[in-house]
Amino acid sequence: MVRLLAKLFIKNPEDTSSPEVRQAYGMLCGMVGICLNVFLFAGKFLAGTISRSVSITADAFNNLSDAASSVVMLIGFKMAGAEPDPGHPFGHGRIEYISGLIVSGVILIMAYELIKSSVEKIINPEEVEYSALALVVLIISIAIKLYMCFYNRSIGKQVDSSAMRATATDSFSDSIATFVVLVAAIVERLTNLQIDGYCGVLVGIFIFIAGISAARDTLNPLLGQPPEPEFVEKIKTLVMAHSEVLGIHDLIVHDYGPGRQMISLHAEVQAEGDILKLHDAIDNIEHELKRELRCDAVIHMDPVVTMDEQVQLLKEKTISLVHAIDPKISMHDFRVVAGPTHVNLIFDVLVPFQYHLTDKQLTEKIKEAVKAELGEEYFCAINVDKGYAGEQGLME
């Protein structure tokens with residue numbers, strides 16, 4: 001149904017990398033979610049009232065909260081699509097993450113209320129009279145929620161939306177919750193065992209866990225997470241396809257919301273090359289990244305001496321010494337400054353986060369290894385970097 005509606009109301013629905021198409025998909029899924037959840041609330045509330053089942057009634061209000069969550073998602077996509085302004089020069093894309101976080105909060109609140117009402121039902125049990133209508137409503141609800149999970153997950157993956165993935169998680173948890181309620185209804189009808197309240201507690205716990213998972217998925221991009229490895233690989237492939245670039249490092253991807261990313265990186269080029277031609281090549285790469293990946297890019301040129309055999313020999317020996325300490329560590333920006341009494345080796349090392357050695361301990365260890373292997377006249381000036389884009393070992 002959603003795919004059909006997309007073909008009818010969205011221009012070029014296949015171009016999911018377009019911000020306009022992403023926004024249209026988000027608003028469409030939000031409106032469909034509102035309609036389906038209101039329909040489920042009405043059916044379950046009627047069935048719960050007739051059967052006097054706390055778990056069915058609670059499940060009904062869970063669907064009502066889902067309708068509210070769909071409203072939040074719809075508003076979030078609408079606001080996220082707003083153009084940049086003086087107060088928000090990078091756009092409003094992160095509002096989509098905030099809307100996903102709000103959806104997660106609603107899930108957690110409903111889980112708490114469901115557990116609370118279910119515990120009260122356990123303490124003060126009441127006989128439940130399940131009708132055929134209640135069972136039919138529950139079965140239809142499971143089918144609809146599984147469908148909502150499917151289309152939110154599918155489209156959320158297509159347009160890379162954490163808010164839609166959170167909604168998909170919520171829909172799946174709802175289908176499991178309703179299935180538990182259905183099992184409780186069948187058991188009570190066949191055996192007269194009053195397990196309605198206990199099943200309500202189980203459903204509430206399941207929904208709570210799903211809410212925590214959804215919250216984590218929306219919090220991570222807000223706090224600042226590394227880009228997907230596939231995205232990093234695309235960047236590397238595009239940049240390294242140009243013969244002027246010898247290697248890249250210090251890649252940082254700034255995320256201001258889906259489709260609103262900025263890239264900064266260092267590209268190593270021949271120090272002996274024509275500076276104007278190299279600058280032109282770097283400009284072309286920046287334009288290509290913007291065209292192919294739909295994100296702005298800033299590239300810093302790092303000149304590397306390639307025609308000095310002594311420098312290359314010292315570089316290779318230093319890399320071997322660094323790898324002997326730990327193969328996880330990589331090295332870049334190697335330069336040699338020779339003086340009358342000593343030689344300075346200047347370079348950066350890239351180390352993993354939460355490394356077992358402090359920066360000072362690591363640099364001292366490298367300096368000792370260099371002096372022991374190359375001689376007392378060799379001094380190291382070392383800068384320690386972290387892999388902000390998860391590009392540990394991106395280059396040497």
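Both F39 and V136 belong to a common hydrophobic cluster when Ile, Leu, Val, Met, Phe, Trp and Tyr are linked at side-chain heavy-atom distances under 4.5 angstrom. A single hydrophobic cluster is seen to contain both I275 and V269, as judged by linkage of ILVMFWY side chains at heavy-atom distances under 4.5 Å, directly or through other members. I109 is not connected to V71 by any chain of hydrophobic side-chain contacts under 4.5 Å among Ile, Leu, Val, Met, Phe, Trp and Tyr, and they are in different clusters. Under the 4.5 Å side-chain heavy-atom criterion for Ile, Leu, Val, Met, Phe, Trp and Tyr, L278 and L276 are members of the same hydrophobic cluster. Residues L345 and V351 share a single hydrophobic cluster, defined by chaining ILVMFWY side chains whose heavy atoms lie under 4.5 Å apart.
Considering T318, I319, N383 in turn, T318 is the only one that fulfils the side-chain contact (heavy atoms from CB on, under 4.5 Å) rule with F347.
Contact check for E377 versus T341: no side-chain heavy atoms found under the 4.5 Å cut-off. When side chains are defined from C-beta on, V370 counts as touching I366, because their heavy atoms get closer than 4.5 Å. When side chains are defined from C-beta on, K277 does not count as touching E244, because their heavy atoms never get closer than 4.5 Å. Residues Y151 and V32 are in side-chain contact: their nearest non-hydrogen atoms beyond the backbone lie under 4.5 Å apart. The side-chain heavy atoms of D250 and H332, taken from C-beta on, include a pair separated by under 4.5 Å. In this structure, T363 and V349 have side chains that are not in contact, with every pair of non-hydrogen atoms separated by 4.5 Å or more. Between D326 and H356, the closest side-chain pair of non-hydrogen atoms falls below 4.5 Å. Taking the side chain as every heavy atom from C-beta outward, N63 and F45 never approach each other to under 4.5 Å.
Ring geometry for Y256 versus H254: interplanar angle under 30°, hence parallel rather than tilted (30 to 60°). Between H249 and H266, the ring-plane angle classifies as tilted under the 30° and 60° cut-offs.
Formation of a donor-acceptor pair under 3.5 Å by the E288 side chain with backbone atoms of L238 is not found in this model. Of the possible donor and acceptor atoms, one in the side chain of S175 sits under 3.5 Å from a partner among the backbone N and O of F172. In terms of modelled atom types and a separation under 3.5 Å, the side chain of E268 and the main chain of D333 share a donor-acceptor contact.
Heavy atoms of other residues, nucleotides or ligands lying less than 6.0 angstrom from CZ of F379 number more than 12. Within a 6.0 Å sphere centred on CZ of F231, heavy atoms belonging to other residues, nucleotides or ligands number more than 12. Counting non-hydrogen atoms of other residues, nucleotides and ligands closer than 6.0 Å to NE2 of H279 gives a total of 12 or fewer. Applying the 6.0 Å contact sphere to CZ of F41 captures more than 12 heavy atoms from other residues, nucleotides or ligands.
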- Message: Run the side chain to side chain contact (heavy atoms under 4.5 Å, CB included) test on K386 and D359 for me, step by step, so that the C-alpha distance in whole Å, both residues' side-chain angles and the decisive distance to 0.1 Å come before the verdict.
- Response: CA-CA 11 Å; K386 304 294 181 183; D359 292 353; 3.8 Å; yes
### Message
As a quick check of understanding, evaluate side chain to side chain contact (heavy atoms under 4.5 Å, CB included) for K145 and N37, giving each step before the final call.
### Response
CA-CA 9 Å; K145 277 295 179 180; N37 280 308; 2.7 Å; yes
Problem set entry | Evaluation steps, side chain to side chain contact (heavy atoms under 4.5 Å, CB included), between I346 and F334 | CA-CA 6 Å; I346 306 169; F334 184 85; over 6 Å; no
task: Please report the C-alpha distance between L5 and M31 in whole Å, then the side-chain angles of each, then the deciding distance to 0.1 Å, and finally whether the side chain to side chain contact (heavy atoms under 4.5 Å, CB included) criterion is met.
output: CA-CA 11 Å; L5 292 173; M31 288 186 286; over 6 Å; no
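Side-chain contact check for K44 and S141: at least one donor-acceptor pair (N or O, by modelled atom type) lies under 3.5 Å. A donor-acceptor contact closer than 3.5 angstrom links the side chains of D85 and H88.
With sequence neighbours left out, K290 forms a side chain to side chain contact (heavy atoms under 4.5 Å, CB included) with D296.
The heavy-atom pair separating A111 from G204 by the smallest distance is CB-O, 3.4 Å. Across every non-hydrogen atom of M148 and S171, the tightest pair is CB-OG, 3.7 Å. The heavy-atom pair separating C295 from Q261 by the smallest distance is CB-O, 2.8 Å. Q312 and T306 make their closest contact through NE2-CA, 3.6 Å (heavy atoms, listed as atom of the first residue, atom of the second, distance). Looking at every heavy atom in both residues, A67 comes nearest to I34 through O-CG1, 3.8 Å. Considering every non-hydrogen atom in both I115 and V201, the closest pair reads CG1-O, 4.1 Å.
Separating the CZ atom in R165 from the NZ atom in K157 is a distance of 10.0 Å, to the nearest 0.5 Å. The structure places CG of D308 at 12.5 Å from NZ of K315, a figure rounded to the nearest 0.5 Å. Here CD1 of I142 is found 7.0 Å from CD1 of I139. Values are rounded to the nearest 0.5 Å. The distance from the OG1 atom of T169 to the CG atom of D174 is 10.5 Å, given to the nearest 0.5 Å. Once rounded to the nearest 0.5 Å, the distance linking CD1 of I98 with CG of L219 reads 10.5 Å. To the nearest 0.5 angstrom, L289 atom CG is 12.0 Å from K234 atom NZ.
In this structure, K367 forms no cation-pi arrangement with Y378, as its terminal cationic atom is not both closer than 6.0 Å to the ring centre and no more than 45° off the ring axis.
Using a 4.0 Å cut-off between a side-chain N of Lys or Arg and a carboxylate O of Asp or Glu, R335 and D302 do not qualify as a salt bridge.
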